[in-house]
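Here's the structure we're looking at; comments come further down.
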Amino acid sequence: MNYDFKTIEAKWQKKWAEQSLYKVKEDPGKPKYYCLEMFPYPSGKLHMGHVRNYSIGDVVARFKRMSGYNVLHPMGWDAFGLPAENAAIKHGVPPSKWTWENIDNMRKQLKSLGLSYDWDREVATCHPGYYKWTQWFFLKLYDMGLAYRKKAFVNWCPSCATVLANEQVVDGKCERCGTEVGKKDLEQWFFKITNYADELLKDLEKLPGWPDKVKIMQENWIGRSEGVEFSFIAEKNGRRIPVFTTRPDTVYGVSYLVLAPEHPMVSELSAGTEQENAVKEFQKKMEKLNEITRTSTETEKEGLFIGAYAINPMNGDRVPIWIANYVLLDYGTGAVMGVPAHDQRDFEFAKKYDLPIKVVVSPPDKILDVKDMTQAYVERGILINSDIFNGMDNIEAIKAVGQYMEEKGIGKVKVNYKLRDWLISRQRYWGAPIPMIYCDRCGIVPVPEKDLPVMLPPNVKFNPRGTSPLLECEEFLNTTCPQCGGPARRETDTMDTFMCSSWYYYRYTDPRNTERPFDREKLDYWMPVDQYIGGVEHAILHLMYSRFFNKAMRDAGLVHVDEPFQNLLTQGMVLKDGAKMSKSLGNIVSPEEIIDKYGADTARLFILFASPPDRDLEWSDQGVEGSFRFLQRVWRLIDELSERLNDEKVEDKVDKDVRRLVHKTIKKVTDDVAERFNFNTAISAIMEMVNGLYAYKEQKISGAVIKEAVENLLLLLAPFAPHMTEELWEKLGKKESIHLMPWPKYDIEAMAEEEIEIVVQVNGKVKGKVSLSAEATEEDMKKAALENDKIKPHIKGKNVVKMITVPKKLVNIVIK
RNA sequence: GCGGGCAUGGCGGAACUGGCAGACGCGCCAGACUUAGGAUCUGGUGGAUUUUCCGUGGAGGUUCAAAUCCUCUUGCCCGCACCA
């Protein structure tokens, strides 16, 4: 009988669906396990990255299910987004049609992999039954004061014709399409993620199950720094110019002030001075430069005196005010105090423009002479030229100066973050409409809950310029004010799709609820997600937005968990010829073809065997062949052995050996899968077991032992190759699905070795081996080692200094 | 520049708390069965000057013992990048 994977896989996929084998509901009698993989964007085609992601998740889900957990394992679609709109512009297909057809196609492909999802819980973020609640959450955030409108210089992608959040700008380019991002002064909707900056940072400690790499990336992104904010006074008009510094200990060494070129006070201060025109020109020049070239470390520091002065509030010093390319308007206060003696960047700037350098922190052992300085002194030291703080250690002075400023009302101790508020408006059609109404009389009015969802109008015209068709859709645009009943206008912007994916893991717990986003009891049962699996590209974007969203919803009293994802696994990329698979390189391997040629079980097995999940994986066609061969080998082995299930017991020794192999393998596979997610070594242990059984099968084995071996082999392999094992399980005469069976337990007694091999070293080098009974004492080991024929010549005539033994493993004889 | 990761046969990778380096798979070599084999089974496969010696990017160190721990260093990958 051949391994006919096509028939087998189709047969079981159909049966599992008919029996709703993977359907789950809350069960207080069982421990729950929420296994979640990042849902895909429905591009229309599955790629190998998806196959890897979902194969990993499926093994975890199946293993946990067999281990007695009530497993929630759902799948859905991150279905809003620009490609659908581009298809509409290019081919005239409505975005919804395009998206739903893609979903149908990808669902079919996912099902062909035999993944154990509860398909009854499928969600799609573009479904009105879903985005109704996305809008509901927006209103919730609005009520909480966490959603607000503000005019700001925002990132604008000309190609996507929309604004972008900071997180979606990579190297000054649009994260989606790679087009260079510009700046636009627009009024937009923001979420106050900065309110949670501190908690988002601090709670990373509550996530021991996350990779350090991801936590560090988030930490850097949040960018917390402690310092002092205080103000210089503009000499011209007496107005305050606030600055932020992490080095208040150097405040007596300020020799100039630098503002961002866009700083609102620049024009006013330079007006009427001889520098006025030069300043205007400098500002224009800066405007033209894009942000990357302007702020790159490689770009030379460039600045200009603006013709005005400011007074240092600590010592009354009069310092010149400059503008420079390296000062950013949106970090801190957009103004920096210049302390060239103790900041490398300020030092270079002062050298270039011949600004005074004043030493205020002295090294403990010598006196710094400005003339000799080739770089800033940033080490620890003692304060000098600093009035009442002279003689103080500078680390202490950081605190002391801050305190002093607070006491005198000069400034205040402050924590600054790099994190900006999350800009969520998008000038696009294919997204969840922001449920807001603009009324000339009442201003900004939220859409009442009963009117949700604000539906996307289906019949709209797309224009090649890429502007949102909602702007020209009268039936959508015109509405009445919920407050005064007068004519009003709808918000035409839709939400960033990351908003839709910030809460989908809640919806899976109660996907068809029409009254609420979810039932509280169901959510409380399932949340948090126990294991989240996906690509590292979401380390900051999706994973930080979701953490923020969850914290906000916790504060709204809707959820009980501080963190949504307990454990995170970031899978590596799938490479071919050392590079990421891509159209341009022409190195794409299509999952469809592989499944067609070898079957889903082979595809899954290979992808899990070739590399541990968190590392990159090099695709190998020959490796796939190998996995296919292995499954055929298993098939033949079980075919043959299942004829011998009633054999008589003949020889005790072989039975014991087979049982030892079986139980050792159970332990190895269990440990590898449960504790380390090392599927590659788990599979190799199963391969060793199969190799072992091939060797033993030439001998007489009792039927009971064969049965035990065959059944356990199938159980261990079931999470990896679910179709084939199910088929063979049925052939063994089993009535119930193998995937509902309990995970096998190992028997320590059966694992016990009777004889053990001890390595004998002389001066740390292996010189021989001795076989001893498992009960041998350390004394027995030493004795056996010294008496061994291979060892004797090495120690003859030498002085044995000492002997080190590792029980049941090794003896090391140290000689001189 | 800062932060993080990785480096082991021809290749993908094993070696969990320091204790037989190279499990398992691919590839390669040989044999068996065969009209035939790109099927299957069995055996072999780090290197060399092969009673032994050398080998985990490189150089030191700790230890009875180091792929594993420490110091320095090289190469590659990823993230952040004038953050005040």
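Since the model is a prediction, treat every value here as computed from it, not as a measurement. Naming convention: chains lettered A, B, ... in sequence-line order (proteins, then strands); numbering from 1 in each chain.
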**Asked** Nearest of B:C80, B:G79, B:C82 to any side-chain atom of A:W221?
**Response**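 In terms of side-chain proximity for A:W221, the closest of B:C80, B:G79, B:C82 is B:C80.
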
Taking only nitrogen or oxygen atoms into account, show me every contact under 3.5 Å that the protein makes with nucleotides 44-51 of chain B, one pair per line with its distance.
none

**Message:** Under 4.0 Å from OP1 or OP2 of B:C64: is there any side-chain N or O of A:K802 that close?
**Reply:**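 So the side-chain polar atoms of A:K802 do come within 4.0 Å of the phosphate oxygens OP1 or OP2 of B:C64, strictly under.
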
**Request:** Ignoring backbone atoms, test whether A:R345 places a side-chain nitrogen or oxygen under 4.0 Å from the OP1 or OP2 oxygen of B:C83.
**Result:**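 For A:R345, the contact criterion (side-chain N or O under 4.0 Å from OP1 or OP2 of B:C83) is met.
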
**Asked** Do A:E219 side-chain and B:G3 base share a donor-acceptor contact under 3.5 Å?
**Response**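 Answer is no: no donor-acceptor pair is held.
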
**Prompt:** Taking atom types as they are modelled, is there a donor-acceptor pair under 3.5 Å from the base of B:C80 to the side chain of A:N220?
**Reply:**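 Per atom types, no contact qualifies.
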
**Item:** Sequence-distant partners of A:Y545, ring-ring contact (aromatic ring centres under 6.0 Å, His included), two or more places apart
**Value:**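 With sequence neighbours excluded, A:Y545 shows a ring-ring contact (aromatic ring centres under 6.0 Å, His included) to A:W422, A:F498, given in chain and number order.
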
**Prompt:** Any cation-pi pair here, A:R633 with A:Y694, using under 6.0 Å and within 45°?
**Reply:**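 Cation-pi check for A:R633 and A:Y694: passes.
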
Please tabulate, one pair per line, each protein N/O and nucleotide N/O from nucleotides 36-42 of chain B that are separated by under 3.5 Å, including the distance.
unit_1	atom_1	unit_2	atom_2	d
B:U40	O3'	A:R636	NH2	3.0
B:C41	OP1	A:R633	NH1	2.8
B:C41	OP1	A:R636	NH2	3.2

**Asked** Under a 3.5 Å cut-off for both distances, is B:G75 Watson-Crick or wobble paired, and to whom?
**Response**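 Its partner is B:C6.
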
N/O donor to acceptor pairs below 3.5 angstrom from side-chain atoms of residues 567-581 of chain A, sequence neighbours left out:
unit_1	atom_1	unit_2	atom_2	d
A:N567	ND2	A:D530	O	2.9
A:Q571	NE2	A:G49	O	3.2

**Request:** Quickly work out the A:R247 CZ to B:A84 C1' distance and round it to whole Å.
**Result:**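 After rounding, the reported distance stands at 11 Å.
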
**Message:** In whole Å, I'd like the distance from the CG atom of A:L605 to the P atom of B:C26.
**Reply:**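 My rounded result for the distance is 12 Å.
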
**Message:** Pick the closest RNA chain B nucleotide for A:G764 and for A:E688 by heavy atoms, then say which residue is nearer the 5' end.
**Reply:**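 Closer to the 5' end of RNA chain B: A:E688.
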
**Prompt:** Going 5' to 3' along nucleotides 4-16 of chain B, which nucleotides have protein heavy atoms under 4.0 Å from the base (write B), which only from the sugar-phosphate (write S), and which from neither (write -)?
**Reply:** S-------BSSSB

**Prompt:** Are the ring centres of A:Y256 and A:F349 closer than 6.0 Å?
**Reply:**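 A:Y256 vs A:F349: aromatic centres under 6.0 Å.
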
I'd like a list of close polar pairs between nucleotides 52-54 of chain B and the protein, N/O only, cut-off under 3.5 Å.
none

**Prompt:** Distance-only, no hydrogens or angles: does the A:N763 side chain make a donor-acceptor pair with backbone N or O of A:I815 under 3.5 Å?
**Reply:**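 Indeed, once roles are kept as given, a pair shorter than 3.5 Å links the two residues.
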
**Message:** What's A:V327 touching, base or sugar-phosphate or nothing? Going by heavy atoms closer than 4.0 Å.
**Reply:**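 It contacts base atoms.
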
